[in-house]
Amino acid sequence: MIKFTIITLFREAIEPYLKSSMMEKAVRKGLAEFDFVDLREFGLGPHKSVDDTPYGGGDGMLLRCEPVFAAIESVKAIDPDTKVILPTPVGETWNQGKAREFARDAHYIILCPHYEGYDERILSIVDYKISLGKYVLTGGELPALIIIDSVVRLIPGVLGGEKSAEIESFSDGDNLEYPQYTKPYDFRGMKVPDVLLSGNHGEIAKWRAVHSGKVE
Ligand code: ADE
């Protein structure tokens, strides 16, 4: 069982995806669990404030330490082994190898920052800083979904439909990105490569291996 607890101000931006398709199926099969913590509940003062202006000046607001630490500590009080993931453009770049490392029995917290950023001292409670790539998003919600999706699909039993041994002999399970075709055979003059209609499984497997792109 893999569990993700998502700390966010925008649960409504994340939840529909996790209740759809393969993620919903993973939950229904008891292979994954998703939980939410509303950061606002840990906000300060009558307005439940979670952010403030940066020391030294500058635009925008930063997530404050107190609500973030309190939210994370509330999860760790129940499950001390929980690891904390922070999506941030200055983290290590996410890739398929990392998704594979994360796909195991574990409980992860994903802390979704918003606004212009976060107080640097928040990093002291973070185990993994993850970047989706060299661009800036408005918050951690989309990265959280991408991390969760790419990890959960690797949990045995989530995808179903086992791949044929032939295909597997040419792959490590991820580099299956060879071109694929379905009916019709001829669409506006674009024809399916004849080898795929040959019925020769050895030749088909070879063709696919040659035409495979590799997922990092
Ligand atoms: N938050 C904002 N931009 C991000 C990115 N590129 N990757 C991860 N988290 C982010």
Side-chain angles (χ1 to χ4, degrees), residues 2-23 26 32 34-43 48-73 75-76 82-104 106-155 174 213-216:
I2 189 164
K3 179 168 178 179
F4 289 92
T5 297
I6 303 150
I7 301 178
T8 175
L9 295 165
F10 300 98
R11 175 180 180 149
E12 70 280 5
I14 300 180
E15 200 167 19
Y17 189 85
L18 298 180
K19 289 197 162 165
S20 317
S21 187
M22 304 312 286
M23 298 303 110
F34 307 123
D35 199 8
F36 289 91
V37 170
D38 181 3
L39 188 58
R40 187 67 62 195
E41 280 182 18
F42 297 88
K48 296 280 178 196
S49 173
V50 297
D51 58 347
D52 214 323
T53 52
Y55 277 116
D59 283 340
M61 305 286 271
L62 305 180
L63 268 189
R64 292 177 63 118
C65 288
E66 306 94 314
V68 167
F69 276 65
I72 290 172
E73 284 161 2
V75 180
K76 289 200 170 195
T82 315
K83 297 285 184 222
V84 179
I85 299 171
L86 176 74
T88 166
V90 296
E92 271 192 73
T93 308
W94 189 245
N95 60 29
Q96 190 65 16
K98 288 212 168 54
R100 250 185 256 119
E101 282 170 30
F102 278 64
R104 56 188 167 81
H107 182 184
Y108 300 104
I109 292 171
I110 306 187
L111 170 66
C112 299
H114 229 267
Y115 311 110
E116 312 305 315
Y118 48 83
D119 187 303
E120 190 72 8
R121 291 168 289 187
I122 285 172
L123 297 183
S124 67
I125 205 171
V126 166
D127 297 288
Y128 307 101
K129 288 191 286 170
I130 303 287
S131 168
L132 264 287
K134 302 221 169 284
Y135 46 84
V136 181
L137 301 162
T138 56
E141 285 75 17
L142 284 171
L145 281 178
I146 291 170
I147 292 165
I148 291 169
D149 186 292
S150 56
V151 169
V152 169
R153 67 181 286 285
L154 296 176
I155 301 288
D174 288 320
K214 187 99 177 86
V215 175
E216 201 185 323

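We count ligands from 1, going down the list as the structure has it; atoms in each ligand are counted the same way.
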Q: Heavy-atom contacts under 4.0 Å between Thr88 and ligand 1: side chain, backbone, both, or neither?
A: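 Looking at Thr88 and ligand 1, just backbone atoms fall under 4.0 Å.
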
Q: Would Leu142 count as a contact residue for ligand 1, given that I'm defining contact as a non-hydrogen atom of the residue lying under 4.0 Å from a ligand atom?
A: no

Q: Would you check if the side chain of Tyr118 reaches a backbone N or O of Val68 as a donor-acceptor pair within less than 3.5 Å?
A: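 It does not hold such a pair.
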
Q: Starting from atom 7 (N) of ligand 1, locate the nearest protein heavy atom and write down its residue, its atom name and how far away it is, to 0.1 Å.
A: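 Of every protein heavy atom, Leu132 N, 2.8 Å lies nearest to atom 7 (N) of ligand 1.
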
Q: In terms of heavy-atom contacts, does OH of Tyr55 have more than 12 from other residues, nucleotides or ligands at under 6.0 Å?
A: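 It does not: Tyr55 OH has 12 such atoms or fewer within range.
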
Q: Quick one: does ligand 1 sit under 4.0 Å from the side chain of Pro87, the backbone, both or neither, non-hydrogen atoms only?
A: both

Q: Students often mix this up, so state it plainly: with edges at 30° and 60°, are the rings of His114 and Phe10 parallel, tilted or perpendicular?
A: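 Ring orientation, 0 to 90° scale: tilted.
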
Q: Should Gly140 be counted as touching ligand 1, given the test is an N or O pair under 3.5 Å?
A: no

Q: Which ligand 1 atoms does Gly133 reach within 4.0 Å, using its non-hydrogen atoms?
A: 6 (N)

Q: Could you tell me, atom by atom, which parts of ligand 1 come under 4.0 Å of a heavy atom of Ile130?
A: 8 (C)

Q: Going by heavy atoms, is Pro89 under 4.0 Å from ligand 1?
A: yes

Q: Any carboxylate oxygen within less than 4.0 angstrom of a Lys/Arg side-chain nitrogen, looking at Arg40 and Asp38?
A: no

Q: Considering residues, nucleotides and ligands other than Glu92, do more than 12 of their heavy atoms fall under 6.0 Å from its CD?
A: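 Open.
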
Q: Kindly confirm or rule out an N or O of Leu137 lying under 3.5 angstrom from an N or O of ligand 1.
A: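 The answer is yes, given that Leu137 and ligand 1 share an N or O pair closer than 3.5 Å.
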
Q: Give the atom numbers and elements of ligand 1 that come within less than 4.0 Å of a heavy atom of Val136.
A: 3 (N)

Q: Can you report which non-hydrogen protein atom sits closest to atom 5 (C) of ligand 1, along with the distance?
A: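 In this structure, atom 5 (C) of ligand 1 has Tyr135 O, 3.7 Å as its nearest protein heavy atom.
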
Q: A quick test of your reading: do over 12 heavy atoms of other residues, nucleotides or ligands sit less than 6.0 Å from OH of Tyr17?
A: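 No - once you tally the heavy atoms of other residues, nucleotides and ligands closer than 6.0 Å, there are 12 at most.
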
Q: Please walk me through it: do Leu18 and Leu145 pass side chain to side chain contact (heavy atoms under 4.5 Å, CB included)?
A: CA-CA 8 Å; Leu18 298 180; Leu145 281 178; 3.7 Å; yes

Q: Mind listing the closest non-hydrogen atom pair of Cys65 and Arg121 along with its distance?
A: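 In this case the closest contact between Cys65 and Arg121 is SG-CB, 3.7 Å.
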
